[in-house]
S.K.: 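Handing you a structure now.
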Amino acid sequence: QVDLVESGGGSVQAGGSLRLSCTVSRITEENYCLGWFRQAPGKERDRVAITDSDDPDGHTAYADFVEGRFTISFDNEKNDLSLQMTDAEPNDTAMYYCAAGYGYCYDDRTLVDFGYWGQGTQVTVSS
């Protein structure tokens, strides 16, 4: 069982920055693929970024719509998964969720392959 609790959501103006954090509890020594997803009202939940928990040379990937603006990282000493958002856009407005799935990340890994989810944190970007 892995527990995830997000924090750091809020409101920001377009062009601004925001840092989301997710405390990942009871993660074992085995590798998990950790990720951030987002869901806007009336839309599907989309994968934003993924990274491996226990492999410094592991796989990190970003959705095209955040490439170059967002950075995912995992501090395995603090068990903190973060998403640094810069140059925010109104289209980034959504509920953001952190997630964990057993095993290594790969490009086609989708939300159904993540068995553990946080409760979500709201991000609102105003124009």
Side-chain angles (χ1 to χ4, degrees):
Q1 180 70 28
V2 177
D3 296 327
L4 305 106
V5 179
E6 301 98 338
S7 61
S11 297
V12 65
Q13 289 191 327
S17 299
L18 201 62
R19 183 181 183 275
L20 306 184
S21 182
C22 175
T23 300
V24 185
S25 301
R26 295 190 282 184
I27 195 167
T28 69
E29 292 182 356
E30 298 164 304
N31 186 82
Y32 284 79
C33 180
L34 304 176
W36 285 97
F37 293 75
R38 73 185 190 186
Q39 187 168 19
K43 296 188 177 181
E44 295 183 349
R45 188 170 297 188
D46 292 325
R47 195 184 83 180
V48 175
I50 56 173
T51 191
D52 285 309
S53 69
D54 198 30
D55 183 356
D57 297 321
H59 189 79
T60 297
Y62 297 90
D64 289 343
F65 50 79
V66 302
E67 183 79 54
R69 300 189 297 120
F70 292 9
T71 303
I72 188 172
S73 63
F74 181 65
D75 184 331
N76 58 16
E77 292 188 0
K78 298 180 180 179
N79 282 348
D80 177 70
L81 176 71
S82 67
L83 184 70
Q84 179 66 52
M85 305 169 58
T86 62
D87 195 18
E89 301 172 355
N91 284 341
D92 294 326
T93 295
M95 186 71 78
Y96 283 71
Y97 300 89
C98 62
Y102 181 72
Y104 289 94
C105 293
Y106 49 88
D107 282 342
D108 295 334
R109 188 156 188 164
T110 65
L111 63 88
V112 297
D113 297 319
F114 289 79
Y116 305 100
W117 292 84
Q119 82 288 353
T121 186
Q122 178 68 37
V123 171
T124 302
V125 183
S126 57
S127 58

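Start at 1 with the first residue, then count along the sequence. Reckoned from all heavy atoms, side chains included, excluding hydrogens, waters and symmetry mates. This one's a predicted model, so the numbers in the text were calculated from it and none came from an experiment.
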S.K.: If I compare all heavy atoms of S127 with all of A14, which pair ends up nearest, and what's the gap?
M.R.: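 Between these two residues, the closest heavy atoms are CA-CB, 4.2 Å.
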S.K.: Quick one: CD on Q119 to CE on M95, what's the gap to the nearest 0.5 Å?
M.R.: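 These two atoms lie 8.5 Å from each other.
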S.K.: Do F114 and L4 sit in the same hydrophobic cluster, where Ile, Leu, Val, Met, Phe, Trp and Tyr count as joined when their side-chain heavy atoms come under 4.5 Å apart?
M.R.: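 No: no chain of side-chain contacts under 4.5 Å links F114 to L4.
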S.K.: Please report the shortest heavy-atom distance between D107 and R47, naming the atom on each side.
M.R.: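 The answer is O-NH1, 2.9 Å.
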S.K.: Once side chain to side chain donor-acceptor pair (under 3.5 Å) is applied, do any residues pair with Y104, and if so which ones, sequence neighbours excluded?
M.R.: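 Scan of Y104 (side chain to side chain donor-acceptor pair (under 3.5 Å), adjacent residues dropped) gives none.
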S.K.: I need the minimum non-hydrogen distance between N31 and S53, along with the two atoms involved.
M.R.: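 Heavy atoms only, the tightest pair is OD1-N, 3.3 Å.
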S.K.: Which atoms form the tightest heavy-atom contact between V48 and V66, and what is the distance?
M.R.: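 That would be O-CG2, 3.6 Å.
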S.K.: Taking only residues two or more places apart in sequence or in another chain, which ones pass side chain to side chain donor-acceptor pair (under 3.5 Å) with D87?
M.R.: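 With neighbours one apart ignored, the set is empty.
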S.K.: Would you name the heavy atoms of D92 and R69 that are closest together and state the gap between them?
M.R.: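 The answer is OD2-NH1, 2.8 Å.
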S.K.: Find out if a path of hydrophobic residues (ILVMFWY) with successive side-chain heavy-atom gaps under 4.5 Å connects Y62 to L81.
M.R.: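 As far as the 4.5 Å side-chain criterion goes, L81 and Y62 are connected within one cluster.
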S.K.: For I50 and C33, work out which heavy atoms get closest and say how close.
M.R.: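 Reported closest heavy-atom pair: CB-SG, 4.0 Å.
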S.K.: From L18 CG over to M85 CE, what is the distance, rounded to the nearest 0.5 angstrom?
M.R.: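 Output value for this atom pair is 5.5 Å.
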S.K.: What pairs of residues pass the side-chain hydrogen bond (donor to acceptor under 3.5 Å, both in side chains) test when at least one of them lies in residues 8-22, not counting sequence neighbours?
M.R.: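 Every side-chain hydrogen bond (donor to acceptor under 3.5 Å, both in side chains) pair that includes a residue of residues 8-22, provided the two are not neighbours, is R19-D80, S21-D80.
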S.K.: Just verifying a value: how many Å separate E44 CD and L111 CG, rounded to the nearest 0.5 Å?
M.R.: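 Reported value, rounded in 0.5 Å steps: 8.5 Å.
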S.K.: Describe, in one word, how the ring planes of Y102 and Y32 are oriented to each other, choosing from parallel (under 30°), tilted (30 to 60°) and perpendicular (over 60°).
M.R.: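 Taking Y32 first and then Y102, their aromatic rings stand perpendicular (interplane angle over 60°).
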